[in-house]
Each structure stands twice: as C-alpha cells, then as structure tokens.
Amino acid sequence: MTTTTYQITGMTCGHCEMSVREEISEIEGVTSVTASSADGTATVESAAPLDLGAVRAAVEEAGYELVDAK
Ligand code: 9UX
C-alpha cells in the first residue's frame, strides 16, 4: 500500500473535493482518496505507486491543476 499526498490548486469547496475524489478514484489501483480544499491537497492510497500522468489527467478532468512535486 502506498499513500501519496498531491498538491492541487483551484479547489474552493466541498463539491470541488468530491469532483477530485471521484476522478482520482477511477484510476486503477486506487483504494481511497481524500481531498482538502482548505489544504489544497488530495491524499491517495493505492496498491502500487501511481503514474503521475494519470493523476494529473484525473485532476485536470475534474477541472483543477496538479502542482508538480519538486
Ligand atoms: Mo462550487 Mo467548488 O462552484 O468549485 S464546486 S466552489
């Protein structure tokens, strides 16, 4: 099990969080997603490390932007 926290810009309310959670949840291997508009983060549990491009695509599909890890 891998847990990763991603920084996401643009979420401002609970519906934003739900949109992000729904899209990321569709990525294969994801077992749980939480999102915080207050923190600007989504924390994702998955069986194996996720492809960053897949996470980015899911976040963009929801209408937000992934902040690149440094
Ligand atoms: Mo409500 Mo969150 O319009 O974007 S879904 S603020």
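Counting starts at 1 for both ligands and their atoms, in listed order.
Residues L50 and Y6 have side chains in contact (heavy-atom distance under 4.5 Å, counting atoms from C-beta outward). Using a 4.5 Å heavy-atom threshold, the side chains of C16 and S19 count as separate.
Hydrophobic clustering places Y64 together with L52 (ILVMFWY residues linked when any side-chain heavy atoms are closer than 4.5 Å, directly or through intermediates).
In this structure, E45 contributes its side chain and T31 its backbone to no donor-acceptor pair below 3.5 Å.
Protein residues lining ligand 1, listed by chain and number: T12, C13, H15, C16, Y64 [non-hydrogen atoms, distance under 4.0 Å].
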| request: Let me see the working for D51 and I27 under side-chain contact (heavy atoms from CB on, under 4.5 Å), right down to the final yes or no. | output: CA-CA 9 Å; D51 177 64; I27 299 170; over 6 Å; no

| message | As a quick check of understanding, evaluate side chain to side chain donor-acceptor pair (under 3.5 Å) for T12 and S37, giving each step before the final call. | response | CA-CA 5 Å; T12 54; S37 58; over 6 Å; no

